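We count ligands from 1, going down the list as the structure has it; atoms in each ligand are counted the same way. Keep in mind the model is a prediction, meaning the values are calculated, not measured.
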Amino acid sequence: MRRRQSRLRRQNSRPAMKLLDGKKGLIIGVANNRSLAWGIAASAREHGAELAFTFLNEALERRVTPLAQSLDSPIILPCDVCSDEQVDALFSVIAEKWGCLDFVVHSVAYAHGEDLANRFVDTSRRGFLQALEISAYSFVSLAKRALPLLKPQGGNLLTLSYYGAVKVVPNYRLMGVAKAALEACVRELAADLGPDGVRVNAISAGPVRTLAASGISDFRQLLSHFEARAPLRRLISIEDVGSAALYLLSDLARGVTGEVHYVDAGFNITAV
Ligand code: 0WE
């Protein structure tokens, strides 16, 4: 009895248990150290996960490689999510090197600049299809390839969304439609892959100054409006998103799937 008490005391005085110890995760969508995917990767690594990273092109390879190396990542591979060949190649390398996978983080979106700047009614067919392919279908495509590696031990998929999926946010336009599709894909995948023991969730993050947000008209105004109206009266950091992701990626969230989890200082619950 005394021995048990002292063991408990010893455990309690240690730093918190590592939530992702021994888990392997794939991170798609790091552009730089301000990316939401980077915030998630850093917190996953801090909690013991081994990570693999992808990059879209040579310019991004130069930015992702040092970041991945700083988290001791053994796998850094090219992946254009629009290319079945590249996605197949990515998962065959992961299968070869790791043999299994515990989680995938999808933090990828794109709409043609014109389709965010012009009237929504003027959205082109090509622009519409491209935005939905990159921002929503890519999650389904990754889920399909990841499934054989996730299923044996049960794993999970996480994507990033935004409130523009649900309400009209000025200038978000076509991306709102793409995020609405993405959130519906989260629910469909959760229902489809649940019987395989695979969970699928999204984090809907408040606006953050990232590469994806750079050059967006009135972004400063959007941030100051958000900060003034959000119940917590502050902006969201990539560390805030990383912390919430840690829970969803870990076994703490073993009963959670199909969820769109807001990390937005409460902004979405407010009206006016
Ligand atoms: O999902 C996003 C951004 C996604 C995005 C951004 C761009 C900018 C450059 C997708 N495609 C492009 N294409 C480009 O050519 N966010 C949640 C960040 C964001 O973007 C906004 C926002 C917020 C917030 C656009 C308008 C209004 C608010």
**OP:** Look at the aromatic rings of H106 and F139 and report parallel, tilted or perpendicular, splitting at 30° and 60°.
**Re:** tilted
Subject >> Heteroatom distance test (Y172, ligand 1): nitrogen or oxygen, under 3.5 angstrom >> reply: yes
Original post:
Nearest heavy atom to atom 24 (C) of ligand 1: which of Y162, Y163, F226, Y110 does it belong to?
Top reply: Y162
Subject >> ligand 1 contact on M175 by region, counting heavy-atom pairs under 4.0 Å >> reply: side chain
Subject >> Residue-ligand contact S214/ligand 1, heavy atom below 4.0 Å >> reply: no
**OP:** May I ask you to list the atoms of ligand 1 that are less than 4.0 angstrom from any heavy atom of F219?
**Re:** 23 (C), 24 (C)
**OP:** Do me a favour and list the nearest non-hydrogen protein atom to atom 20 (O) of ligand 1 with residue, atom name and distance?
**Re:** I216 CD1, 3.1 Å
Original post:
Given that the side chain starts at C-beta and the backbone is N, CA, C, O, which of these parts of T210 lies under 4.0 Å from ligand 1, counting heavy atoms, or is it both or neither?
Top reply: neither
**OP:** Would you tell me whether S224 and R220 have side-chain atoms, one donor and one acceptor, within less than 3.5 Å of each other?
**Re:** no
**OP:** Flag the pair R145 and D88 as a salt bridge only when some basic side-chain nitrogen lies within less than 4.0 angstrom of an acidic carboxylate oxygen.
**Re:** yes
Original post:
Would you say the side-chain atoms of R229 and T270 include a donor-acceptor pair closer than 3.5 Å?
Top reply: yes
Original post:
Relative to ligand 1, is S135 under 4.0 angstrom through side chain, backbone, both or neither, heavy atoms considered?
Top reply: neither
Original post:
Are side-chain heavy atoms of Y172 and I216 found at a separation under 4.5 Å?
Top reply: no
Original post:
Between P170 and ligand 1, does any nitrogen or oxygen pair lie at a separation below 3.5 Å?
Top reply: no
Subject >> Shortest heavy-atom approach to atom 3 (C) of ligand 1 - which of S161, A178, A212, A131 >> reply: A212
Subject >> For atom 14 (C) of ligand 1, the protein heavy atom that lies nearest, with its residue and separation >> reply: A111 O, 3.6 Å
Original post:
So, are D102 and K24 salt-bridged, with charged N and O less than 4.0 Å apart?
Top reply: no
Original post:
Applying a strict 4.0 Å limit to heavy atoms, is G215 in contact with ligand 1?
Top reply: no
**OP:** Anything under 30° is parallel, anything over 60° is perpendicular, the rest tilted; go ahead and classify F53 against W38.
**Re:** tilted
**OP:** Decide yes or no for I40 and L160: does some side-chain heavy atom of the first lie under 4.5 Å from some side-chain heavy atom of the second?
**Re:** yes
Original post:
Between D240 and R234, is there a side-chain N and carboxylate O pair less than 4.0 Å apart?
Top reply: yes
Subject >> Atoms of ligand 1 close to G113 [distance to a heavy atom under 4.0 angstrom, numbered from 1] >> reply: 15 (O)
